[in-house]
Amino acid sequence: MNYKIPRGTYDIMPKDSARWHHVIDTFRLVAQRFGYEEITTPIFEMAALFERSSGESSDVVQKEMYRFEDQKGRTFALRPEGTAGVVRSYIEKSLDRLGGKSKFYYIGPMFRYDRPQAGRYRQFYQYGAEFIGSNHPYYDAEVIALEMQFLAELGLKNVSLEINSVGCAQCSQAYDEALRAYYQPHLEELCPDCQNRFEIRPRRLLDCKVPFCKSLRPDAPSQLDYLDQDCKEHFTEVQNYLDQMGIVYQVNPAIVRGLDYYSNTAFELIVDALGAQNAIAGGGRYNGLISQLGGKDTPAVGFAGGFERLLLALEKEGITGYEPISPTIFVIGIGAETRLLTLEYISKLRQDGIYVDYNPDKTSFKAQMKAADASQARYALIIGEDELASGRPTLKDLESSKQHSVDYQQLLDILK
RNA sequence: GUGGAUGUAGUUCAAUGGCAGAGCGCUGGAUUGUGGUUCCAGUCGUUGCGGGUUCGAGCCCCGUCAUCCACCCCA
C-alpha cells in the first residue's frame, strides 16, 4: 500500500452512507420546515475573508487554516467554517441592500489543520443555519429550536443546551477590561497559556483547567454583570422565547465562541459521553460581521453542528440502525445456453425499477444460490434448462424456501 | 504545537530475543438443479515504514508515519 489517506481525513464507505443520508435528509427536512433554504458556497475563499471574519487572533486563523496560493499568487484558504462564505455571498448578491430577511442552511466539508482525535478531523462535515436580517430575539430562539428539533427527530436524548450572552462590542470590551483588572494582581502566578490569554482573549482565562487559574474563577467578574441595558434585555427575551417554546437550557457564563464575530447570544450543545470533544454544535449572534465585511449593517444569528460528533453521539445512544438496501431479487442462470434469457430478465427487471443482483463469477448452481443468500435478496430467480424449455423461470422465496414458475408479468406483480 | 499509549493476515487478536499462529471472513467441496446450520479442505503476512544492536529482532534501541487518549482548540 503506497498511498495513504491524508492525516485527519476518512472515507465514508458504502456501509456508512445510509446513516449519513439519514442524518442529512433529516436536517434538510427540519430546516425546510423552519423556512430555511439551502445555500452552497465554494469550499475555498480568499484567505482574507476568513482572517477578517474569524479574527486575526483566533486559533483558526493563526494556526489551523489551510492556505494556498494559486498560479497567479492569490492567497486562498480552504474554509474552516461556514458562516463567512454565506455572509460573503449575502453581501455580494446585494441582499443586504434589499433589506429583507434571509434564511439559509448549508451542509458541507470544512477544513482545519489541527491534531486529529476522536471526533476531530482535518476535513469534517458541518451543517448549519443562518438567519440574517433582524435583531429580534425570537430569531436567536428560532435557530436554537431548529437545531433542537433536528436532534429530537434523530432520537438523540442526552444532549444539553448551554447559553450565554457575550454582549455587544462595547459591553464585551468593558468586560475584558474588568477581567484584566481582576487577574492583573495574579498575572505572574497564572499558567503560561493564561498569561498569553490575558492579553488576547481574557475571557479564555475562565475555562482554564490548571488548578491555580481555576481557583480564581469563582470570584471573577461575570459577563452578565457587564451587559448594557439593550444586551441584557435581549438576553432575557431570548430566554423567554426558549421557555415558551419548551426548550430546556442552562445559562453558562463560561460559554465563549471561538470566533471573534460573535456578539450577544452564544450557545453550545454538549454531549457528555463524547469526552473531550463534547460540543456537537455551537452558534450565536453576529450582528457586527456583515458590516465588518463591507456590507450594510445587518444583524444575524446562526449555528453550525458537526456531523461526525453527532454520529458518535447517536452511536453512544445505540441509534445506529440504518441498514443498507439489499436487492429485491437475485438472478441465477445455470449453463451457458441460458445466458441470453438470464440477461434479458435482468435488464427488463431493472428497467421496471427492480433492484436486481447477479453474479457471473459463480458458475455452479450451488455457488450461485450461496451468492443469492449472501446478497440478502428476498427472492431468487432461477433460469436453467427446464425454464429455458418452458419459457417460465422459477421464482424462489428465499425466506420461506417456496418456489414456483412464473411469467414476466406475474414476476413483476410479486416484486412490486 | 505539547505529553502519553498503540501499530502482527481482509478483520479481531495470539506468539520468553530462536520455524509468525488462531477465530471470524473469503474460495472450493460433502454424487443429478437449490442457499442459511454443520463437516472437510484451501487461501490470506514487506509484523506500519526506515535505520541500529545481535549469531539471530514481531519482541530491544533510534527515527519516522498513522491511530487513539489527554492538553490546546473546537464541530
Side-chain angles (χ1 to χ4, degrees), chain A residues 1-10 54 57-65 79-83 107-128 147 191-194 196-197 200-201 204 207-210 255-259 266-271 274-283 303-313 330 332-335 338 359 361-389 393-403:
Chain A
M1 180 65 105
N2 290 317
Y3 298 105
K4 289 204 270 188
I5 195 166
R7 182 165 204 207
T9 66
Y10 61 96
S54 297
S57 73
S58 67
D59 279 26
V60 166
V61 168
Q62 283 201 332
K63 51 184 196 189
E64 295 173 4
M65 224 158 52
R79 63 182 184 192
E81 55 95 30
T83 302
I107 291 166
M110 306 294 165
F111 305 83
R112 288 184 203 171
Y113 186 87
D114 201 350
R115 190 139 161 189
Q117 211 174 310
R120 191 171 72 189
Y121 301 90
R122 290 182 171 179
Q123 174 172 342
F124 57 102
Y125 293 81
Q126 283 193 337
Y127 59 93
E147 166 69 357
C191 73
D193 278 341
C194 281
N196 190 35
R197 291 179 182 121
I200 301 169
R201 283 183 82 70
R204 282 262 171 244
D207 49 16
C208 182
K209 272 96 188 167
V210 175
I255 296 280
V256 184
R257 312 269 56 246
L259 308 176
F267 63 92
E268 252 173 44
L269 279 141
I270 308 291
V271 174
L274 292 187
Q277 261 57 55
N278 63 354
I280 65 164
F303 74 89
F307 279 119
E308 291 82 1
R309 291 180 190 178
L310 175 56
L311 288 169
L312 284 174
F330 191 100
I332 295 173
I334 311 156
T338 66
N359 188 341
D361 283 322
K362 307 292 178 188
T363 48
S364 78
F365 188 18
K366 193 187 191 77
Q368 291 204 64
M369 277 303 289
K370 282 191 178 190
D373 188 61
S375 79
Q376 308 249 45
R378 171 67 196 274
Y379 298 100
L381 189 71
I382 301 163
I383 302 172
E385 276 179 42
D386 298 349
E387 289 80 5
L388 191 61
T394 300
L395 177 68
K396 175 163 187 160
D397 183 329
L398 292 174
E399 279 175 27
S400 66
S401 294
K402 286 180 184 154
Q403 62 183 59

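Reckoned from all heavy atoms, side chains included, excluding hydrogens, waters and symmetry mates. Note that this is a predicted model, so its numbers are computed, not measured. Residue numbers start from 1 in every chain, and the chains themselves are labelled A, B, ... in the order their sequence lines are given, proteins ahead of strands.
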Using a 4.0 Å heavy-atom cut-off to protein, can you give one letter per nucleotide of nucleotides 24-35 of chain B, 5' to 3': B if the base is in contact, S if only the sugar-phosphate is, - if neither? ---SS----BBB
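Heavy atoms only, all atoms of each residue included: A:Ala380 and A:Ile332 are closest at CB-CD1, 4.2 Å. Counting all heavy atoms, side chain and backbone alike, A:Ile382 lies closest to A:Glu387 at O-CG, 3.3 Å. Listed here is the closest heavy atom pair of A:Phe124 and A:Pro80: CZ-O, 4.1 Å. Residues A:Gln126 and A:Ala304 come closest through the heavy atom pair OE1-CB, 3.7 Å. Scanning both residues, A:Pro116 and A:Gly8, for their nearest heavy atoms gives CG-CA, 3.7 Å. Counting all heavy atoms, side chain and backbone alike, A:Leu274 lies closest to A:Ala313 at CD2-N, 3.8 Å.
With A:Arg122 contributing its side chain and A:Phe111 its backbone, the two residues share no donor-acceptor pair below 3.5 Å. At distances below 3.5 Å, at least one donor-acceptor pair connects side-chain atoms of A:Arg309 with backbone N or O atoms of A:Ala279. In terms of modelled atom types and a separation under 3.5 Å, the side chain of A:Arg7 and the main chain of A:Arg115 share no donor-acceptor contact.
As rounded to the nearest Å, B:rC24 and B:rC40 have P atoms that lie 11 Å from one another. The separation of B:rG52 from B:rU67, taken at their P atoms, amounts to 28 Å, rounded to a whole angstrom. B:rA22 sits 43 Å from B:rG1 when the C1' atoms are compared, rounded to a whole Å. To the nearest whole angstrom, the two C1' atoms, one in B:rC26 and one in B:rG10, are 8 Å apart. Here the separation of B:rA15 from B:rC74, taken at their C1' atoms, is 42 Å to the nearest Å. For the C1' atom pair drawn from B:rC44 and B:rG28, the interatomic distance equals 15 Å after rounding to whole Å. B:rG4 and B:rU8 are spaced 22 Å apart, taking the C1' atom of each and rounding to whole Å. The P atoms of B:rG17 and B:rG58 are separated by 13 Å, rounded to the nearest whole Å.
Using modelled atom types, one finds no donor on one side chain facing an acceptor on the other under 3.5 Å when comparing A:Thr394 with A:Gln403.
You'll find the side chain of A:Gln117 reaches within 4.5 Å of the side chain of A:Gln277, heavy atoms only.
For the pair A:Gln126 CD and B:rC73 C1', the computed distance is 14 Å after rounding to whole Å. If you measure from atom OH of A:Tyr127 to atom C1' of B:rC74, you get 14 Å, rounded to the nearest angstrom. In this structure, the CG atom of A:Asn278 is 12 Å from the P atom of B:rC72, given to the nearest Å. Straight-line distance from the CE atom of A:Met65 to the P atom of B:rA75: 15 Å, rounded to whole Å. One can place OH of A:Tyr10 at 11 Å from C1' of B:rA75, the figure rounded to the nearest angstrom. The CZ atom of A:Arg79 sits 14 Å away from the P atom of B:rA75 (whole-angstrom rounding). With rounding to whole Å, A:Lys63 atom NZ is found 7 Å from B:rC73 atom P. As a whole-Å value, the separation of A:Phe267 CZ from B:rA75 P is 11 Å.
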Below 3.5 Å is the cut-off: list the nitrogen or oxygen pairs between protein and nucleotides 67-70 of chain B, distance only.
{"from": "B:rU67", "atom 1": "OP1", "to": "A:Gly8", "atom 2": "N", "distance (Å)": "3.0"}
{"from": "B:rU67", "atom 1": "OP2", "to": "A:Arg7", "atom 2": "NE", "distance (Å)": "2.7"}
{"from": "B:rC69", "atom 1": "OP2", "to": "A:Ala118", "atom 2": "N", "distance (Å)": "2.4"}
{"from": "B:rA70", "atom 1": "OP2", "to": "A:Gln117", "atom 2": "NE2", "distance (Å)": "3.1"}

Between N or O atoms, less than 3.5 Å apart, protein on one side and nucleotides 7-9 of chain B on the other: list the pairs.
none

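Interatomic distance, CD1 of A:Ile383 versus CD of A:Gln368, reported as 10.0 Å (0.5 Å rounding).
Relative ring orientation between A:Phe267 and A:Phe303 is described as tilted, the plane-to-plane angle lying within the 30° to 60° band.
At a threshold of 4.0 angstrom between heavy atoms, the contacts of A:Ala372 with the nucleic acid are absent.
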Just to be sure I follow the notation: if a pair is Watson-Crick (purine N1 to pyrimidine N3 plus N6-O4 or O6-N4) or a G-U wobble (N1-O2 and O6-N3), each under 3.5 Å, what dot-bracket string does RNA chain B give, with | for pairs to another strand? (((((((..((((....[..)))).(((((.......))))).....(((((..]....))))))))))))....
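When each of A:Ala279 and A:Ile5 is assigned the nucleotide of RNA chain B with its nearest heavy atom, A:Ile5 is the one assigned upstream, toward the 5' end.
Every residue two or more places apart in sequence or in another chain that forms a side chain to side chain donor-acceptor pair (under 3.5 Å) with A:Tyr125 is listed here: A:Gln123. A:Phe365 meets the ring-ring contact (aromatic ring centres under 6.0 Å, His included) test with no other residue; sequence neighbours excluded.
Stacking between A:Phe307 and B:rA75 is absent: the ring centroid is not both under 5.5 Å from the six-membered base ring centre and under 30° in plane angle.
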